[in-house]
Protein chains: 2
Amino acid sequence: MTALTEDRLDTAFLALADPTRRSLLARLSVGDATVGELAAPFAMSVQAVSKHLTVLEQAGLITRRREAQRRPCSLNREAIGPLVDWLDAFRRRTEEKFARLDEVLARDLSPTTPSPAHPDREE
Amino acid sequence: MTALTEDRLDTAFLALADPTRRSLLARLSVGDATVGELAAPFAMSVQAVSKHLTVLEQAGLITRRREAQRRPCSLNREAIGPLVDWLDAFRRRTEEKFARLDEVLARDLSPTTPSPAHPDREE
DNA sequence: CTCGTATTCAACCGATTGGTTGATCAAAGG
DNA sequence: CCTTTGATCAACCAATCGGTTGAATACGAG
């Protein structure tokens, strides 16, 4: 299920790395909208917004369907989860690492002491 | 703290949007390393890796200190949290929206139901 | 002082990005 | 039919990206 390959991470994070695109996502989180509606608040051409939407679409974050001559976009909300999961897993991994390191340090630095287990941490 | 401005989101997500950089972060999550050590596994010049490290540093994801002629890098693990939070908050917002929409739909499609009185809210 | 090691700085290069404008396509409305 | 509306396609542009090589810097060891 959406295996979240390296390549998908690339495109997804790249898509999120632009304020215009994040703004578009925020707008879409409220509900579907056409390209024109999405472009209206921005001081840039409709074509530029359309390009941003293409980036978001290729990142799997939105989908565009056809409706008469309009092109309504909708948020692909199930695409966000895996990203959170990836980042969160990464964070947890680093924290686990530090927890283990703390153990080692505590044991290592006070061989005689019963080791109150908290040398001190984070700034 | 680390107010996580739009600009910080830009640089942070951009930093994460590259497989080499994610790989560097993964390596650093295991422990500090010098530029040379970090560059060794990659089929690219040390200079290129150094540039990637600069990107990561400016994104606030790592810090480089000086140690003789070496430049050990360490992961800035407290920088990850806010990113997870941002993404997770976004996800939660979209899901809430959908939950509310579900309510509306449920109420709308079954007019006989007592309709638990939800006038609708914000936006 | 000189040499080797670790790293960055500087210039360059091709590909991509984020924007523009103008033309084109598709559908609805006179 | 022709015109308007909504959106994309195509070409172009400057700026940035990800990489290269070569020179400069900083430090430790002879």
Side-chain angles (χ1 to χ4, degrees), chain A residues 5-28 31-76, chain B residues 5-28 31-76:
Chain A
T5 60
E6 282 294 296
D7 219 72
R8 259 187 102 64
L9 282 175
D10 287 11
T11 52
F13 280 134
L14 189 64
L16 289 175
D18 182 282
T20 304
R21 260 151 8 213
R22 286 196 304 273
S23 190
L24 289 170
L25 287 178
R27 166 64 186 81
L28 286 175
D32 294 7
T34 68
V35 179
E37 290 166 350
L38 287 168
F42 294 98
M44 74 177 72
S45 67
V46 182
Q47 290 96 318
V49 171
S50 185
K51 278 192 185 181
H52 280 301
L53 291 171
T54 306
V55 173
L56 289 170
E57 189 178 34
Q58 286 179 339
L61 293 171
I62 68 167
T63 43
R64 289 191 271 193
R65 65 185 179 287
R66 170 128 234 158
E67 194 170 281
Q69 70 268 61
R70 273 168 221 104
R71 261 1 190 65
C73 305
S74 50
L75 187 67
N76 228 283
Chain B
T5 60
E6 282 293 297
D7 219 71
R8 260 187 100 65
L9 283 176
D10 287 12
T11 52
F13 280 134
L14 189 64
L16 289 175
D18 182 282
T20 303
R21 275 176 323 241
R22 286 196 304 274
S23 191
L24 289 171
L25 288 178
R27 166 64 185 81
L28 286 175
D32 295 6
T34 68
V35 179
E37 290 166 348
L38 288 168
F42 294 97
M44 73 177 74
S45 66
V46 182
Q47 290 96 316
V49 171
S50 185
K51 278 192 184 182
H52 280 301
L53 291 172
T54 306
V55 173
L56 289 171
E57 189 178 34
Q58 285 178 338
L61 294 171
I62 68 167
T63 44
R64 287 191 273 193
R65 64 186 180 286
R66 168 127 237 157
E67 196 170 279
Q69 70 268 59
R70 272 168 222 105
R71 257 12 206 8
C73 305
S74 50
L75 187 67
N76 228 285

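A, B, ... follow the sequence lines: proteins, then strands. Residue 1 opens every chain.
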**Q** Take A/Arg71 and B/Arg66, find for each the nucleotide of DNA chain D with the closest heavy atom, and name the residue whose nucleotide sits nearer the 5' end.
**A** A/Arg71

**Q** Is there a donor on the side chain of A/Gln47 or the base of D/dG6 sitting less than 3.5 Å from an acceptor on the other?
**A** no

**Q** Ignoring backbone atoms, establish whether A/Arg64 has a side-chain N or O less than 4.0 Å from OP1 or OP2 of D/dT8.
**A**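 Affirmative; the distance criterion is met.
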
**Q** Of the candidate nucleotides C/dG18, D/dT8, C/dT20, which contains the atom at the shortest distance from the side chain of A/His52?
**A** C/dG18

**Q** Ignoring backbone atoms, test whether B/Thr34 places a side-chain nitrogen or oxygen under 4.0 Å from the OP1 or OP2 oxygen of C/dT7.
**A**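 B/Thr34 to C/dT7 OP1/OP2: side-chain N or O found under 4.0 Å.
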
**Q** Taking only side-chain N and O atoms of B/Ser45, does any of them lie within less than 4.0 angstrom of OP1 or OP2 on D/dT20?
**A** yes

**Q** Which is true for A/Ala68 with a 4.0 Å heavy-atom rule: it touches a base, it touches only sugar-phosphate, or it touches nothing?
**A**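 Since only primed, P, OP1 and OP2 atoms lie under 4.0 Å of A/Ala68, the category is sugar-phosphate.
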
**Q** What integer distance in Å separates A/Glu37:CD from D/dG6:P?
**A**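 It is 10 Å, rounded to the nearest whole Å.
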
**Q** How long is the line joining CG of A/Leu56 and C1' of D/dT8, in whole Å?
**A**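 Rounded to the whole Å, the gap is 16 Å.
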
**Q** Between CG of A/Leu28 and CG of A/Leu61, what distance do you get to the nearest 0.5 Å?
**A**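 Reported value, rounded in 0.5 Å steps: 10.5 Å.
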
**Q** Quick check: closest heavy atoms across A/Phe42 and A/Ser23, and the distance to 0.1 Å?
**A**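 Taking A/Phe42 first and A/Ser23 second, the nearest heavy atoms are CZ-OG, 3.6 Å.
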
**Q** Verify, without hydrogens or angle tests, whether B/Arg27 (side chain) and B/Glu37 (backbone) share a donor-acceptor contact under 3.5 angstrom.
**A** no

**Q** Rounded to the nearest angstrom, tell me the gap between atom CD in B/Gln69 and atom P in D/dC27.
**A** 9 Å

**Q** Rounded to whole angstroms, how far apart are CG on A/Leu16 and C1' on C/dT17?
**A**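 Going from A/Leu16 (CG) to C/dT17 (C1'), I get 16 Å.
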
**Q** If I take atom CG in residue A/Asp18 and atom P in nucleotide C/dT16, what distance separates them, rounded to the nearest angstrom?
**A**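 From A/Asp18 CG to C/dT16 P: 18 Å.
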
**Q** Please give, in whole Å, the distance from D/dA26 P to B/Glu67 CD?
**A**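 Distance, rounded to whole Å: 18 Å.
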
**Q** Can you tell me the distance, in whole Å, between the CG atom of A/Leu14 and the C1' atom of C/dT17?
**A** 9 Å

**Q** Using side-chain contact (heavy atoms from CB on, under 4.5 Å) as the criterion, point out the one residue from A/Leu16, A/Asp18, A/Leu24 that pairs with A/Leu56.
**A**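 When side-chain contact (heavy atoms from CB on, under 4.5 Å) is applied between A/Leu56 and each of A/Leu16, A/Asp18, A/Leu24, only A/Leu24 qualifies.
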
**Q** Using OP1 and OP2 only, check whether a side-chain N or O of A/Ser50 sits under 4.0 Å from D/dT8.
**A** yes

**Q** Taking only side-chain N and O atoms of B/Arg70, does any of them lie within less than 4.0 angstrom of OP1 or OP2 on D/dA26?
**A**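 No, no such contact exists.
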
**Q** Counting distance only, does the side-chain N/O of A/Arg64 pair as donor-acceptor with the main-chain N or O of A/Val35 below 3.5 Å?
**A**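 Judged by distance alone, no pair lies under 3.5 Å.
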
**Q** Quick one: B/Lys51 NZ to C/dT7 C1', roughly how many Å, whole number?
**A**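 These atoms are roughly 14 Å apart.
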
